[in-house]
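Hydrogens, waters and symmetry mates are skipped; everything else that's a heavy atom, side chains included, is used. Lettering follows sequence order; numbering is per chain, from 1.
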Amino acid sequence: EAEVAQSPRYKITEKSQAVAFWCDPISGHATLYWYRQILGQGPELLVQFQDESVVDDSQLPKDRFSAERLKGVDSTLKIQPAELGDSAMYLCASSRLAGGFYEQYFGPGTRLTVT
Amino acid sequence: AQSVTQPDIHITVSEGASLELRCNYSYGATPYLFWYVQSPGQGLQLLLKYFSGDTLVQGIKGFEAEFKRSQSSFNLRKPSVHWSDAAEYFCAVGTYSGGGADGLTFGKGTHLIIQP
């Protein structure tokens, strides 16, 4: 069964450094999402892509976060500079239409620790 | 804007006992509702979903959930839990616009502990 791939799985970085995460959605899934999950909380949407276009980035802290999906397939989320409060799990998901219903499939996540 | 409340942060259940996890939502239209499970350090796995039709939905791993519009609830149930069910459980509500699914709004989660 196809899965959403993410790398790296774990990342430790120092405050003020740049960090990037990569996501490869399930083949054929046009919609891709990045979520941030702070320890003890539910995931919160950061950005949503439809093919290569951003559909919703209202919750993305644009002064330090950027996201791209250049060819409408894989995607990169970048943080520059990283802050202590960015320590969290970053989850990527993709969705498809199945039986008139959209299902989101999540990757394993990238656990970021900022020191 | 939609919201999801999971009133129980932690729940402890004995192995073999029944389970019910509560979820209340707030949304102005017909909601699309989901339950996900997350094991430590892992991503989220979809347990079940409600789109329309029968208000009692069956999912994987023996879980079911019932949509009650009058109570704005979508509680998750399992008749007999196994030690492997210990995990974090998230309820989520989804909306759809522009021909695609919007990002999900999640509750804060319920941590399920299984006692031997």
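- With rounding to the nearest 0.5 angstrom, the OH atom of B:Tyr36 is 5.0 Å from the CZ atom of A:Phe106.
- Atom CD of A:Glu3 is surrounded by 12 or fewer heavy atoms from other residues, nucleotides or ligands within 6.0 Å.
- Taking a 6.0 Å sphere around CD1 of B:Ile9, one finds it holds 12 or fewer heavy atoms contributed by other residues, nucleotides or ligands.
- In this structure, the separation between CG on A:Leu91 and CD on B:Gln38 is 6.5 Å, given to the nearest 0.5 Å.
- Crowding of A:Leu84 atom CG: a count of heavy atoms from other residues, nucleotides or ligands under 6.0 Å exceeding 12.
- Heavy-atom neighbours of A:Glu44 CD from other residues, nucleotides or ligands within 6.0 Å: at or below the threshold of 12.
- Applying a 4.5 Å heavy-atom cutoff, the residues of residues 107-115 of chain A that approach chain B are A:Gly107, A:Pro108.
- Placement of B:Leu33 and B:Ile60 within a single hydrophobic cluster is found when ILVMFWY residues are connected by side-chain heavy-atom separations under 4.5 Å, directly or transitively.
- Interface remark: B:Gln45 contributes no atoms to any contact with chain A (heavy atom separation under 4.5 Å).
- Here the closest non-hydrogen pair linking A:Gln37 and B:Phe90 is NE2-CZ, 3.2 Å.
- Heavy-atom contacts from other residues, nucleotides or ligands closer than 6.0 Å to CD of B:Gln58 number more than 12.
- When the shell of 6.0 Å around NZ of A:Lys71 is examined, it contains 12 or fewer heavy atoms from other residues, nucleotides or ligands.
- Interface remark: B:Leu104 contributes backbone and side-chain atoms alike to the contact with chain A (heavy atom separation under 4.5 Å).
- The environment of CD in A:Gln59 is sparse: at most 12 heavy-atom neighbours from other residues, nucleotides or ligands sit within 6.0 Å.
- Atom CD of B:Gln42 and atom CE of A:Met89 lie 7.5 Å apart (nearest 0.5 Å).
- Within the 4.5 angstrom heavy-atom criterion, atoms from both the backbone and the side chain of B:Leu44 approach chain A.
- Applying the salt bridge (charged side-chain N to carboxylate O under 4.0 Å, His left out) rule to pairs touching residues 14-43 of chain B yields B:Asp8-B:Arg22, sequence neighbours excluded.
- Within 6.0 Å of CD1 in B:Ile113 there are more than 12 heavy atoms belonging to other residues, nucleotides or ligands.
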Determine, stepwise, if the pair A:Glu103 / B:Phe34 fulfils side chain to side chain contact (heavy atoms under 4.5 Å, CB included). CA-CA 9 Å; A:Glu103 293 185 12; B:Phe34 307 82; 5.5 Å; no
